[in-house]
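For reference, the structure discussed in these notes is given below.
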Amino acid sequence: MRKRVVSIEDIAKEAGVSHSTVSRALRDSPLISPVVRNQIQQLALSMGYIPNAIAQSLHNQQTNTIGLVVSSFSDPYFAELIRGVEEIANPRGLSVVLTASHKDPAQEVAMIENLQRRRVDGLLIADSLASRLDLDRIAQAAIPAVLVNRQAEEPVASLPSVSVDDETGMGLAVEHLVASGHRAIGYLGLENRPRTNQARLSGYRKGLARAGIEVDPTREIIIPSSKLHGMEEVEAGQAYLEQLLAAGVSAICCYNDMLAVGLLMACHESKRAVPEELSIVGYDDISLTRYVTPALTTVHQPVIELGRQAMQMILDMLEGRQASDQVLLPGLVVRASTGPRTHA
(Lines give C-alpha, C1' and ligand atoms only; values in the text may rest on other atoms or scores of the structure.)
Protein backbone atom coordinates (compact mmCIF):
# COMPACT_ATOMS: atom_id res chain seq x y z
CA MET A 1 0.00 0.00 0.00
CA ARG A 2 1.30 3.45 -0.91
CA LYS A 3 2.31 5.51 2.11
CA ARG A 4 0.29 8.71 2.59
CA VAL A 5 2.22 11.94 2.02
CA VAL A 6 2.61 14.09 5.14
CA SER A 7 1.04 17.54 4.66
CA ILE A 8 1.39 20.90 6.39
CA GLU A 9 -2.07 20.29 7.88
CA ASP A 10 -0.76 17.09 9.51
CA ILE A 11 2.15 18.95 11.07
CA ALA A 12 -0.13 21.77 12.27
CA LYS A 13 -2.48 19.27 13.91
CA GLU A 14 0.39 17.45 15.62
CA ALA A 15 1.98 20.71 16.81
CA GLY A 16 -1.30 22.30 17.85
CA VAL A 17 -0.73 25.41 15.77
CA SER A 18 -2.28 26.93 12.64
CA HIS A 19 -1.51 25.99 9.04
CA SER A 20 -0.03 29.45 8.42
CA THR A 21 2.30 29.13 11.43
CA VAL A 22 3.74 25.85 10.09
CA SER A 23 4.04 27.29 6.58
CA ARG A 24 5.94 30.33 7.86
CA ALA A 25 8.18 28.21 10.10
CA LEU A 26 9.15 25.93 7.22
CA ARG A 27 10.07 29.02 5.17
CA ASP A 28 12.22 30.43 8.02
CA SER A 29 9.94 33.45 8.29
CA PRO A 30 11.10 36.03 10.90
CA LEU A 31 7.44 36.36 11.93
CA ILE A 32 7.88 33.11 13.87
CA SER A 33 10.21 32.97 16.88
CA PRO A 34 13.46 31.00 16.41
CA VAL A 35 12.43 28.51 19.13
CA VAL A 36 9.05 27.75 17.53
CA ARG A 37 10.59 27.62 14.06
CA ASN A 38 13.10 25.04 15.20
CA GLN A 39 10.47 22.93 16.99
CA ILE A 40 8.19 22.85 13.94
CA GLN A 41 11.07 22.10 11.54
CA GLN A 42 12.26 19.22 13.74
CA LEU A 43 8.71 17.89 13.95
CA ALA A 44 8.32 18.06 10.17
CA LEU A 45 11.59 16.17 9.76
CA SER A 46 10.56 13.44 12.20
CA MET A 47 7.20 13.03 10.44
CA GLY A 48 8.90 12.61 7.04
CA TYR A 49 7.50 15.79 5.51
CA ILE A 50 8.68 16.43 1.93
CA PRO A 51 8.25 20.05 0.70
CA ASN A 52 6.19 20.62 -2.43
CA ALA A 53 8.76 21.84 -4.96
CA ILE A 54 6.14 23.41 -7.22
CA ALA A 55 4.58 25.39 -4.40
CA GLN A 56 8.00 26.52 -3.23
CA SER A 57 8.94 27.69 -6.71
CA LEU A 58 5.74 29.75 -6.95
CA HIS A 59 6.55 31.39 -3.64
CA ASN A 60 10.26 31.99 -4.28
CA GLN A 61 9.94 32.72 -8.00
CA GLN A 62 12.64 30.07 -8.55
CA THR A 63 12.48 26.49 -9.78
CA ASN A 64 16.05 25.48 -8.85
CA THR A 65 16.51 24.10 -12.37
CA ILE A 66 18.97 24.94 -15.12
CA GLY A 67 18.19 24.15 -18.75
CA LEU A 68 21.03 22.69 -20.84
CA VAL A 69 20.62 22.39 -24.62
CA VAL A 70 23.18 20.20 -26.42
CA SER A 71 23.27 19.09 -30.03
CA SER A 72 23.54 15.33 -29.43
CA PHE A 73 23.07 12.76 -26.68
CA SER A 74 25.41 10.26 -28.38
CA ASP A 75 28.55 12.42 -28.52
CA PRO A 76 30.93 11.68 -25.59
CA TYR A 77 31.99 15.34 -25.68
CA PHE A 78 28.64 16.37 -24.24
CA ALA A 79 28.77 13.73 -21.52
CA GLU A 80 31.89 15.45 -20.19
CA LEU A 81 30.32 18.90 -20.57
CA ILE A 82 27.29 17.78 -18.55
CA ARG A 83 29.58 16.41 -15.85
CA GLY A 84 31.26 19.80 -15.50
CA VAL A 85 27.92 21.61 -15.30
CA GLU A 86 26.58 19.26 -12.63
CA GLU A 87 29.77 19.52 -10.54
CA ILE A 88 28.86 23.18 -9.94
CA ALA A 89 25.06 22.93 -10.06
CA ASN A 90 24.41 19.96 -7.77
CA PRO A 91 26.13 21.28 -4.61
CA ARG A 92 23.95 24.39 -4.98
CA GLY A 93 20.79 22.28 -5.01
CA LEU A 94 20.18 22.94 -8.71
CA SER A 95 18.90 20.27 -11.08
CA VAL A 96 19.90 20.20 -14.76
CA VAL A 97 17.17 19.69 -17.37
CA LEU A 98 18.82 18.26 -20.48
CA THR A 99 17.55 18.41 -24.06
CA ALA A 100 19.11 17.89 -27.52
CA SER A 101 18.63 19.89 -30.73
CA HIS A 102 20.27 17.34 -33.08
CA LYS A 103 21.90 20.27 -34.91
CA ASP A 104 18.55 21.70 -36.04
CA PRO A 105 18.53 25.49 -35.39
CA ALA A 106 14.72 25.69 -35.44
CA GLN A 107 14.42 22.80 -32.98
CA GLU A 108 17.08 24.40 -30.80
CA VAL A 109 15.11 27.65 -30.55
CA ALA A 110 11.87 25.75 -29.84
CA MET A 111 13.55 23.82 -27.01
CA ILE A 112 14.98 27.00 -25.51
CA GLU A 113 11.56 28.64 -25.58
CA ASN A 114 10.03 25.52 -23.97
CA LEU A 115 12.60 25.66 -21.16
CA GLN A 116 11.79 29.35 -20.67
CA ARG A 117 8.10 28.48 -20.36
CA ARG A 118 9.04 25.92 -17.71
CA ARG A 119 10.63 28.82 -15.82
CA VAL A 120 14.13 27.43 -15.52
CA ASP A 121 16.39 29.74 -13.54
CA GLY A 122 19.13 29.76 -16.20
CA LEU A 123 20.01 28.45 -19.65
CA LEU A 124 23.19 26.88 -21.02
CA ILE A 125 23.18 26.59 -24.81
CA ALA A 126 25.97 24.37 -26.15
CA ASP A 127 27.08 24.00 -29.76
CA SER A 128 24.45 26.55 -30.79
CA LEU A 129 23.54 27.04 -34.45
CA ALA A 130 20.68 29.46 -33.74
CA SER A 131 20.76 32.77 -35.57
CA ARG A 132 21.96 35.97 -33.94
CA LEU A 133 18.43 37.41 -34.08
CA ASP A 134 16.99 34.35 -32.30
CA LEU A 135 19.62 34.55 -29.58
CA ASP A 136 19.12 38.29 -29.21
CA ARG A 137 15.42 37.60 -28.59
CA ILE A 138 16.26 34.86 -26.09
CA ALA A 139 18.58 37.26 -24.26
CA GLN A 140 15.67 39.67 -23.74
CA ALA A 141 13.67 37.06 -21.78
CA ALA A 142 15.30 38.04 -18.45
CA ILE A 143 16.53 34.48 -17.83
CA PRO A 144 20.34 34.29 -17.50
CA ALA A 145 21.83 32.43 -20.47
CA VAL A 146 25.36 31.45 -21.52
CA LEU A 147 26.61 30.11 -24.86
CA VAL A 148 29.10 27.23 -24.81
CA ASN A 149 31.22 26.79 -27.97
CA ARG A 150 28.76 28.60 -30.23
CA GLN A 151 28.87 27.27 -33.80
CA ALA A 152 27.13 29.87 -35.99
CA GLU A 153 29.62 32.27 -37.54
CA GLU A 154 27.95 35.63 -36.86
CA PRO A 155 28.84 37.15 -33.47
CA VAL A 156 26.33 37.49 -30.63
CA ALA A 157 27.01 40.38 -28.26
CA SER A 158 23.82 39.92 -26.24
CA LEU A 159 24.85 36.70 -24.46
CA PRO A 160 28.11 35.85 -22.65
CA SER A 161 30.03 32.83 -23.89
CA VAL A 162 32.71 30.36 -22.91
CA SER A 163 34.82 28.63 -25.55
CA VAL A 164 38.22 27.09 -26.31
CA ASP A 165 41.00 28.61 -28.45
CA ASP A 166 40.60 26.08 -31.27
CA GLU A 167 43.05 27.76 -33.64
CA THR A 168 45.85 27.42 -31.11
CA GLY A 169 44.85 23.82 -30.41
CA MET A 170 45.10 22.63 -33.99
CA GLY A 171 48.33 24.56 -34.40
CA LEU A 172 49.80 22.44 -31.59
CA ALA A 173 48.82 19.28 -33.47
CA VAL A 174 50.54 20.44 -36.67
CA GLU A 175 53.69 21.51 -34.80
CA HIS A 176 53.90 18.06 -33.21
CA LEU A 177 53.63 16.30 -36.58
CA VAL A 178 56.17 18.63 -38.22
CA ALA A 179 58.60 17.98 -35.35
CA SER A 180 58.17 14.25 -36.06
CA GLY A 181 59.29 14.78 -39.66
CA HIS A 182 55.92 14.99 -41.41
CA ARG A 183 55.31 17.49 -44.21
CA ALA A 184 52.43 15.89 -46.09
CA ILE A 185 49.78 16.56 -43.44
CA GLY A 186 46.07 16.31 -44.15
CA TYR A 187 42.99 17.77 -42.41
CA LEU A 188 39.60 16.06 -41.96
CA GLY A 189 36.85 18.41 -40.78
CA LEU A 190 33.09 18.74 -40.36
CA GLU A 191 30.80 21.16 -42.16
CA ASN A 192 28.16 20.99 -39.40
CA ARG A 193 30.41 22.75 -36.85
CA PRO A 194 31.13 25.88 -38.90
CA ARG A 195 32.76 28.19 -36.34
CA THR A 196 34.99 25.66 -34.59
CA ASN A 197 35.82 23.89 -37.86
CA GLN A 198 36.91 27.19 -39.38
CA ALA A 199 39.08 27.96 -36.34
CA ARG A 200 40.70 24.52 -36.38
CA LEU A 201 41.23 24.63 -40.14
CA SER A 202 42.84 28.05 -39.72
CA GLY A 203 45.11 26.65 -37.00
CA TYR A 204 46.08 23.79 -39.32
CA ARG A 205 46.92 26.14 -42.20
CA LYS A 206 48.86 28.57 -40.01
CA GLY A 207 50.79 25.66 -38.52
CA LEU A 208 51.81 24.56 -42.01
CA ALA A 209 52.78 28.11 -42.93
CA ARG A 210 55.01 28.45 -39.85
CA ALA A 211 56.81 25.30 -40.98
CA GLY A 212 57.21 26.61 -44.54
CA ILE A 213 54.78 24.02 -45.93
CA GLU A 214 52.45 25.09 -48.75
CA VAL A 215 48.75 24.31 -48.27
CA ASP A 216 47.53 21.55 -50.62
CA PRO A 217 43.71 21.76 -51.08
CA THR A 218 43.56 18.06 -52.02
CA ARG A 219 44.69 17.24 -48.48
CA GLU A 220 41.82 19.17 -46.87
CA ILE A 221 38.44 17.42 -46.63
CA ILE A 222 35.41 19.01 -44.96
CA ILE A 223 32.70 16.37 -44.66
CA PRO A 224 29.46 17.86 -46.10
CA SER A 225 26.77 16.85 -43.63
CA SER A 226 24.47 19.11 -41.62
CA LYS A 227 23.38 16.57 -38.97
CA LEU A 228 26.25 14.12 -38.69
CA HIS A 229 26.99 13.27 -35.04
CA GLY A 230 28.11 10.58 -32.60
CA MET A 231 28.88 7.20 -34.12
CA GLU A 232 28.05 8.55 -37.58
CA GLU A 233 31.21 10.63 -37.28
CA VAL A 234 33.23 7.44 -36.70
CA GLU A 235 31.76 5.99 -39.89
CA ALA A 236 32.61 9.19 -41.77
CA GLY A 237 36.21 8.95 -40.62
CA GLN A 238 36.36 5.42 -41.98
CA ALA A 239 34.92 6.52 -45.31
CA TYR A 240 37.48 9.23 -46.05
CA LEU A 241 40.75 7.41 -45.32
CA GLU A 242 41.42 6.32 -48.91
CA GLN A 243 40.78 9.80 -50.33
CA LEU A 244 43.31 11.34 -47.96
CA LEU A 245 45.87 8.62 -48.65
CA ALA A 246 45.41 9.21 -52.38
CA ALA A 247 46.49 12.83 -51.74
CA GLY A 248 49.79 11.47 -50.43
CA VAL A 249 49.46 12.32 -46.74
CA SER A 250 51.70 10.75 -44.10
CA ALA A 251 49.72 12.28 -41.21
CA ILE A 252 46.18 13.55 -40.62
CA CYS A 253 44.76 16.14 -38.22
CA CYS A 254 41.10 15.47 -37.41
CA TYR A 255 38.42 17.93 -36.32
CA ASN A 256 37.53 15.65 -33.42
CA ASP A 257 38.33 12.31 -31.81
CA MET A 258 35.35 10.50 -33.33
CA LEU A 259 36.64 11.12 -36.87
CA ALA A 260 40.11 10.02 -35.75
CA VAL A 261 38.76 6.79 -34.28
CA GLY A 262 37.07 6.13 -37.63
CA LEU A 263 40.42 6.55 -39.38
CA LEU A 264 42.07 4.16 -36.91
CA MET A 265 39.39 1.55 -37.62
CA ALA A 266 39.82 1.97 -41.38
CA CYS A 267 43.59 1.56 -41.04
CA HIS A 268 43.09 -1.62 -39.04
CA GLU A 269 40.67 -3.00 -41.64
CA SER A 270 43.08 -2.23 -44.50
CA LYS A 271 46.09 -3.52 -42.52
CA ARG A 272 47.87 -0.17 -42.48
CA ALA A 273 50.11 0.27 -39.46
CA VAL A 274 49.59 3.32 -37.24
CA PRO A 275 51.80 5.26 -36.72
CA GLU A 276 54.39 3.49 -38.93
CA GLU A 277 52.45 4.16 -42.16
CA LEU A 278 50.14 6.96 -41.04
CA SER A 279 50.09 9.25 -37.99
CA ILE A 280 46.69 10.41 -36.73
CA VAL A 281 45.79 13.25 -34.35
CA GLY A 282 42.32 13.81 -32.88
CA TYR A 283 40.79 16.73 -31.02
CA ASP A 284 38.83 16.89 -27.71
CA ASP A 285 40.58 14.16 -25.65
CA ILE A 286 37.40 12.27 -24.83
CA SER A 287 37.88 9.24 -22.55
CA LEU A 288 37.67 6.80 -25.49
CA THR A 289 41.01 8.06 -26.86
CA ARG A 290 42.93 6.29 -24.09
CA TYR A 291 41.43 2.89 -24.86
CA VAL A 292 41.55 2.57 -28.65
CA THR A 293 44.54 0.80 -30.25
CA PRO A 294 46.86 2.53 -30.67
CA ALA A 295 45.94 5.12 -28.04
CA LEU A 296 45.13 8.38 -29.78
CA THR A 297 47.30 11.48 -29.78
CA THR A 298 44.84 14.35 -29.41
CA VAL A 299 44.35 17.99 -28.51
CA HIS A 300 42.98 18.16 -24.99
CA GLN A 301 39.96 20.41 -24.89
CA PRO A 302 39.07 21.18 -21.24
CA VAL A 303 35.44 20.15 -21.72
CA ILE A 304 34.66 19.50 -18.06
CA GLU A 305 36.10 22.91 -17.20
CA LEU A 306 33.97 24.43 -19.97
CA GLY A 307 30.91 23.06 -18.20
CA ARG A 308 32.11 24.28 -14.81
CA GLN A 309 32.88 27.78 -16.06
CA ALA A 310 29.58 28.09 -17.93
CA MET A 311 27.60 27.02 -14.87
CA GLN A 312 29.56 29.40 -12.63
CA MET A 313 28.72 32.23 -15.04
CA ILE A 314 25.03 31.40 -14.65
CA LEU A 315 25.38 31.48 -10.84
CA ASP A 316 27.14 34.84 -11.05
CA MET A 317 24.32 36.24 -13.17
CA LEU A 318 21.66 34.86 -10.82
CA GLU A 319 23.42 36.67 -7.98
CA GLY A 320 23.48 39.96 -9.87
CA ARG A 321 27.08 39.89 -11.04
CA GLN A 322 28.09 40.54 -14.64
CA ALA A 323 29.49 37.64 -16.68
CA SER A 324 32.14 38.25 -19.34
CA ASP A 325 33.26 36.02 -22.22
CA GLN A 326 35.89 33.41 -21.42
CA VAL A 327 38.32 31.57 -23.70
CA LEU A 328 40.10 28.48 -22.33
CA LEU A 329 43.42 27.18 -23.62
CA PRO A 330 43.83 23.62 -25.01
CA GLY A 331 46.90 21.37 -24.78
CA LEU A 332 48.40 18.48 -26.73
CA VAL A 333 48.35 14.92 -25.36
CA VAL A 334 50.87 12.73 -27.20
CA ARG A 335 50.04 9.03 -27.31
CA ALA A 336 50.83 6.11 -29.62
CA SER A 337 48.95 7.09 -32.80
CA THR A 338 51.70 9.48 -33.92
CA GLY A 339 55.36 8.83 -34.62
CA PRO A 340 58.27 9.69 -36.90
CA ARG A 341 57.69 9.66 -40.63
CA THR A 342 59.05 6.34 -41.87
CA HIS A 343 57.52 6.06 -45.38
CA ALA A 344 58.13 8.22 -48.42
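Start at 1 with the first residue, then count along the sequence. Keep in mind the model is a prediction, meaning the values are calculated, not measured.
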Given Asp216 and Arg205, is the salt bridge (Lys or Arg N to Asp or Glu O under 4.0 Å) satisfied, shown in steps?
CA-CA 10 Å; Asp216 183 344; Arg205 290 173 174 172; over 6 Å; no
Do Ser337 and Pro294 have side chains that get closer than 4.5 Å, going by heavy atoms?
yes
So Leu124 and Val69, do their side chains get closer than 4.5 Å, heavy atoms only?
no
Indicate whether the side chain of Asn149 and that of Gln301 have a donor and an acceptor atom separated by less than 3.5 Å.
yes
Glu175/Lys206 ion pair, N-O < 4.0 Å:
no
Any Leu81 side-chain heavy atom under 4.5 Å of Ile304 side chain
no
So with a 6.0 Å cut-off around CD of Glu214, is the heavy-atom count from everything else above 12?
no
Determine whether Leu129 and Pro194 make a side-chain contact, defined as any pair of heavy atoms from C-beta on separated by less than 4.5 Å.
yes
Polar contact flag, side-chain donor to acceptor under 3.5 angstrom, Gln140-Asp136
no
Is there a side chain to side chain contact (heavy atoms under 4.5 Å, CB included) between Arg308 and Val85 once you walk through the steps?
CA-CA 5 Å; Arg308 292 192 192 112; Val85 170; over 6 Å; no
Look at the aromatic rings of Phe73 and His102 and report parallel, tilted or perpendicular, splitting at 30° and 60°.
perpendicular
What are the two closest heavy atoms between Gly181 and Arg341, and how far apart are they?
O-CD, 3.4 Å
What verdict does the side chain to side chain donor-acceptor pair (under 3.5 Å) test give for Gln322 and Asp316, after you've listed the backbone C-alpha separation in whole Å, the side-chain angles of each residue and the deciding distance to 0.1 Å?
CA-CA 7 Å; Gln322 187 173 1; Asp316 290 343; over 6 Å; no
Would you say the side chain of Ile143 lies within less than 4.5 Å of the side chain of Asp121, judging by non-hydrogen atoms?
no
Looking at Arg83 and Glu87, is any side-chain nitrogen of the basic one under 4.0 Å from a carboxylate oxygen of the acidic one?
yes
Is the shortest heavy-atom distance from the side chain of Phe78 to the side chain of Asp127 under 4.5 Å?
yes
If the threshold is 4.0 Å, N to carboxylate O, is there a salt bridge linking Asp10 and Lys13?
no
Residues Asp285, Arg335: salt bridge by 4.0 Å N-O rule:
yes
Arg290 atom CZ: more than 12 heavy-atom contacts under 6.0 Å
yes
Check whether the side chains of Tyr255 and Thr196 place a donor and an acceptor atom closer than 3.5 Å, and report yes or no.
yes
Quick one: do Arg193 and Asp75 make a salt bridge, cutoff under 4.0 Å?
yes
If the threshold is 4.0 Å, N to carboxylate O, is there a salt bridge linking Glu242 and Arg272?
yes
4.5 Å side-chain heavy-atom contact, Ile222 and Glu191:
yes
Among side-chain atoms of Ser18 and Thr21, is any donor-acceptor pair under 3.5 angstrom?
yes
May I ask you to check if Arg219 and Tyr187 form a cation-pi contact, with NZ or CZ under 6.0 angstrom from the six-membered ring centre and within 45° of the axis?
no
Is a donor from one side chain sitting under 3.5 angstrom from an acceptor on the other, for Ser202 and Glu167?
yes
